[in-house]
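Notes follow the structure.
Numbers for residues simply follow the sequence, beginning at 1.
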Amino acid sequence: MPRFAANLAYLFTEYPALERFAAAAAEGFPAVELQFPYDQAPSAVKAELARHRLTMLGINTPPGNVHAGEFGLAAVPGREQDFGALFRQALEYITAVGGRQIHVLAGRVPPEQRPAAERVFIANLQRAADLAAERAIALLIEPINPRDRPDYFLTRAEHAAAIIGEVGRPNVRIQFDFYHAQIVGGDLSHRFEAAFPHVGHVQVAAVPSRHEPDEGEVNYPAIFAMLDRVGYAGFVAAEYRPRGGTAAGLGWARPYGIISPAT
């Protein structure tokens with residue numbers, strides 16, 4: 001049976017940021033992940049994790065200048081120093097809160113810069129992976145669909161696997177989000193099994209709505225059974241926008257053990 005985690009940038013947003021940990025634990029989630037928690041003191045986050053006995057998974061590298069449309073810098077030519085500073089910020093934060101993963105945002109790259117971007121991405125990941133390995137932190141790279149993030153450098157799991165092969169560091173893995181993968185190519189079970197040797201984390205949401213994974217065009221019970229069959233032992237993060245209140249939409253998760261301890 002898959003183990004599920006709550007992405008607190010999407011779930012329980014009806015609560016202030018630091019109250020979401022309690023809400024996730026109250027609904028039976030054993031683990032959480034964040035996205036951009038940098039406006040919260042690491043000590044406060046760590047205290048909430050300990051108070052509610054939650055496993056902390058990962059965070060994203062800071063996006064850069066969001067007002068300029070930036071969404072990561074790891075593959076952006078000419079921004080290597082800026083990426084290094086953002087990555088060090090993420091590494092210090094995840095270490096302070098006791099997490100285990102950093103999703104390294106590749107960034108937006110126009111088509112004419114893509115050959116150079118590939119070289120930059122590989123070199124940046126190699127340097128970052130060596131720093132992360134000293135603290136037993138894994139790096140994740142996530143293919144993101146271009147409908148939601150136009151010009152994002154990494155869009156396909158097959159490309160991510162090739163990048164990981166070039167990087168040559170065992171702590172660099174794929175964050176396989178079935179929502180993005182369905183939009184870019186479909187054929188989910190076959191493509192996941194092909195990528196599985198490189199997969200370090202999994203996320204889910206309905207397609208096309210990005211609501212709870214109990215609607216739309218992806219048969220998630222079949223996907224969850226496939227994850228068991230291939231031996232995926234990591235967490236599956238619920239990274240979706242609830243249709244209404246978060247708790248009211250968790251019916252899909254109850255058969256998989258996400259049940260309030262008070263129930």
Side-chain angles (χ1 to χ4, degrees), residues 5-7 9-11 13 33-36 57-64 66 68-76 101-115 117-118 120-121 125 139-164 172-196 198-220 222-224 226-227 232 234-243 252:
N7 184 305
Y10 282 77
L11 271 57
T13 58
E33 64 182 13
L34 307 174
Q35 284 194 332
F36 306 110
L57 301 180
I59 61 174
N60 293 353
T61 51
V66 294
E70 293 179 347
F71 194 67
L73 297 176
V76 180
Q101 302 164 337
I102 298 172
H103 170 203
V104 179
L105 293 171
R108 299 175 63 184
V109 177
E112 66 273 12
Q113 292 186 14
R114 286 182 172 266
E118 181 126 346
V120 168
F121 196 31
L125 285 170
L139 303 187
L140 303 172
I141 59 174
E142 179 184 24
I144 296 177
N145 81 79
R147 184 168 73 201
D148 289 358
R149 292 285 176 187
D151 288 332
Y152 194 74
F153 176 72
L154 192 64
T155 62
R156 299 185 65 88
E158 295 79 7
H159 188 195
I163 291 285
I164 288 171
V172 180
R173 314 284 288 170
I174 296 173
Q175 180 164 287
F176 196 105
D177 189 326
F178 282 93
Y179 165 79
H180 293 300
Q182 171 65 9
I183 294 171
V184 185
D187 194 17
L188 294 177
S189 294
H190 176 77
R191 293 176 64 219
F192 181 86
E193 290 188 47
F196 180 50
H198 302 291
V199 171
H201 188 50
V202 166
Q203 295 176 326
V204 295
V207 181
S209 66
R210 208 167 192 176
H211 289 323
E212 286 86 344
D214 57 6
E215 65 173 52
E217 60 194 52
V218 177
N219 180 350
Y220 274 111
I223 292 295
F224 299 151
M226 179 272 295
L227 293 177
Y232 175 72
F235 281 95
V236 177
E239 189 192 53
Y240 60 79
R241 299 184 181 96
R243 290 181 291 260
W252 68 270

(message) Could you measure the distance from the OH atom of Y152 to the CG atom of N145? Nearest 0.5 Å is fine.
(response) 11.5 Å
(request) Go through L73 and L105 one step at a time and tell me if the side-chain contact (heavy atoms from CB on, under 4.5 Å) criterion holds. (result) CA-CA 7 Å; L73 297 176; L105 293 171; over 6 Å; no
(request) Give, for atom CZ of R210 and atom CG of D148, the distance between the pair rounded to the nearest 0.5 Å. (result) 6.0 Å
(message) Pairing donors with acceptors under 3.5 angstrom, does anything connect the side chains of Q35 and H103?
(response) no
(message) Are the side chains of Y179 and E239 in contact, using a 4.5 Å heavy-atom criterion?
(response) no
(request) Could you pull out the closest heavy-atom pair between V76 and G107, with the gap in Å? (result) CG2-CA, 4.4 Å
(message) Could you check whether any side-chain heavy atom of E215 comes within less than 4.5 Å of a side-chain heavy atom of W252, counting everything from C-beta outward?
(response) no
(request) Work out which heavy atom in I141 is nearest to a heavy atom in A160; give both atom names and the distance. (result) CD1-O, 3.8 Å
(request) Could you tell me whether a side-chain N or O of R156 sits under 3.5 Å from a main-chain N or O of P143, the two making a donor and an acceptor? (result) no
(request) Would you indicate whether the side-chain heavy atoms of E158 and R191 approach each other to under 4.5 Å? (result) yes
(message) Between E33 and Q101, is there a side-chain donor-acceptor contact under 3.5 Å, judged purely by atom types and distance?
(response) no
(request) Look up atom CG in N60 and atom CG in L34, then write down how far apart they are to the nearest 0.5 Å. (result) 9.5 Å
(request) Taking all heavy atoms of H201 and all of A237, pick out the closest pair and write down the distance. (result) NE2-CB, 3.6 Å
(request) Determine whether the side chains of Y240 and N7 contain a donor N or O and an acceptor N or O closer than 3.5 Å. (result) no
(request) Compare all side-chain heavy atoms of Y232 with those of M226 and state whether any distance is below 4.5 angstrom. (result) no
(message) Rounded to the nearest 0.5 Å, what separates atom CG in L125 from atom CG in L139?
(response) 7.0 Å
(message) Would the distance check show the side chain of T155 and the main-chain N or O of P146 forming a donor-acceptor pair, the cut-off being under 3.5 Å?
(response) no
(message) Within this structure, what is the CD1-CZ distance for the pair I144 and R108, rounded to the nearest 0.5 Å?
(response) 11.5 Å
(message) A side-chain contact here means heavy atoms from C-beta on lying under 4.5 Å apart; do Q203 and H180 qualify?
(response) no
(message) Tell me if the centroids of the rings in F178 and F192 come within less than 6.0 Å of each other.
(response) yes
(request) Would you mind reporting whether L140 and V104 have side-chain heavy atoms less than 4.5 Å apart? (result) no
(message) Minimum heavy-atom separation for A6 and L11, please, with both atom names.
(response) CB-CD2, 4.1 Å
(request) Taking the side chain as every heavy atom from C-beta outward, state whether E142 and D177 have any pair of such atoms under 4.5 Å apart. (result) yes
(message) If the threshold is 4.0 Å, N to carboxylate O, is there a salt bridge linking R243 and D214?
(response) yes
(message) I need the minimum non-hydrogen distance between Y220 and A205, along with the two atoms involved.
(response) OH-O, 2.6 Å
(message) A side-chain contact here means heavy atoms from C-beta on lying under 4.5 Å apart; do I223 and L188 qualify?
(response) yes
(request) Return the minimal non-hydrogen interatomic distance between P111 and D151, and the atom names on each side. (result) CD-OD1, 4.2 Å
(message) Is there a side-chain contact (heavy atoms from CB on, under 4.5 Å) between V204 and F224? Walk through the geometry before answering.
(response) CA-CA 10 Å; V204 295; F224 299 151; 4.0 Å; yes
(request) State whether the side chain of E212 and the backbone N or O of A206 hold a donor-acceptor pair below 3.5 Å, judged by distance alone. (result) no
(request) Quick one: pull up CD1 in I174 and CD1 in I163 and give me the separation to the nearest 0.5 Å. (result) 10.5 Å
(request) Evaluate the criterion ring-ring contact (aromatic ring centres under 6.0 Å, His included) for residue pair H198 and F176; output intermediate values, then yes/no. (result) CA-CA 10 Å; H198 302 291; F176 196 105; over 10 Å; no
